[in-house]
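Reviewing the structure listed below.
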Amino acid sequence: GAVVSQHPSWVICKSGTSVKIECRSLDFQATTMFWYRQFPKQSLMLMATSNEGSKATYEQGVEKDKFLINHASLTLSTLTVTSAHPEDSSFYICSAFRGMQEKLFFGSGTQLSVL
Amino acid sequence: GNSVTQMEGPVTLSEEAFLTINCTYTATGYPSLFWYVQYPGEGLQLLLKATKADDKGSNKGFEATYRKETTSFHLEKGSVQVSDSAVYFCALLDTGRRALTFGSGTRLQVQP
């Protein structure tokens, strides 16, 4: 079964609204989670590293004020796309290391469409 | 910086055909290399990995060998099945940051 749950799996929103995506580790604690973004026919690009109890680390070129990341507990990280625009339409996917096994698990992804 | 290049898809094969999906990488140091698979409607799953040069990762009939001299990690399977239809991603791990760099993915379609 899934060890990382991502919700919602797809969302359609109007331009200018905000959308929150949740990523939960189901049966382990994840001090670090990663958020990726994938455009059609392109690579998954690392957006940011989410650290429990501290600020996220964003990759170069990613607007931290647009993509708000909160990692308030050891099992939950959220990505909020603020004031979404059509160019933010993409596939977003989270992942987390299961520390003891040093294995990386992925959520099933969220397809965001901004109208 | 790190990068991964893999062949574009879709790759369409008949059942029992031989599969090769090419993957090459650029990285500093000695990264670990991975193949992930994404079945329709599911999350990414680790298929196999190799952590050092000449290592061969294998799982479910799939194999890939870490070739440092050619900076490659090609995925192979001798006889594909319809159930292998999925998107396959090659990736490398920056061990310092514990973050993956992915290729663009290759969609495999196996026809009965």
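All figures in this text were calculated on a predicted structure; none of them were measured in a lab.
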field: Within 6.0 Å of CD in B:Q45, more than 12 heavy atoms from elsewhere
entry: yes
Ring-ring centroid check A:F106 B:F102, cutoff 6.0 Å: yes
message: Looking at B:M7, I'd like to know if its CE atom is crowded, meaning that more than 12 non-hydrogen atoms belonging to other residues, nucleotides or ligands lie closer than 6.0 Å.
response: yes
- prompt: Has A:H85 got more than 12 heavy atoms of other residues, nucleotides or ligands less than 6.0 Å from its NE2?
  reply: yes
Separation of A:L44 CG from B:T101 OG1 (nearest 0.5 Å): 10.5 Å
query: Does any heavy atom of chain B fall under 4.5 Å from the side chain of A:Q38, the backbone, both, or neither of them?
result: side chain
- request: Could you tell me whether the side chain of B:L100 reaches within less than 4.5 Å of the side chain of A:L104, counting heavy atoms only?
  value: yes
- prompt: About how many Å separate OH of B:Y36 and OG of A:S95, when rounded to the nearest 0.5 Å?
  reply: 7.5 Å
query: Around atom NZ of A:K20, are there more than 12 heavy atoms of other residues, nucleotides or ligands at under 6.0 Å?
result: no
message: Let me check something: do A:F105 and A:L76 share a hydrophobic cluster, defined by ILVMFWY side-chain heavy atoms less than 4.5 Å apart, either directly or through other members?
response: no
query: Checking B:Q38 against chain A: side chain, backbone, both or neither under 4.5 Å from a heavy atom?
result: side chain
query: Would B:L108 and B:L75 show up in the same hydrophobic cluster when neighbours are defined by side-chain heavy atoms closer than 4.5 Å?
result: yes
B:F89 versus chain A, the contacting section by heavy-atom distance below 4.5 Å: side chain
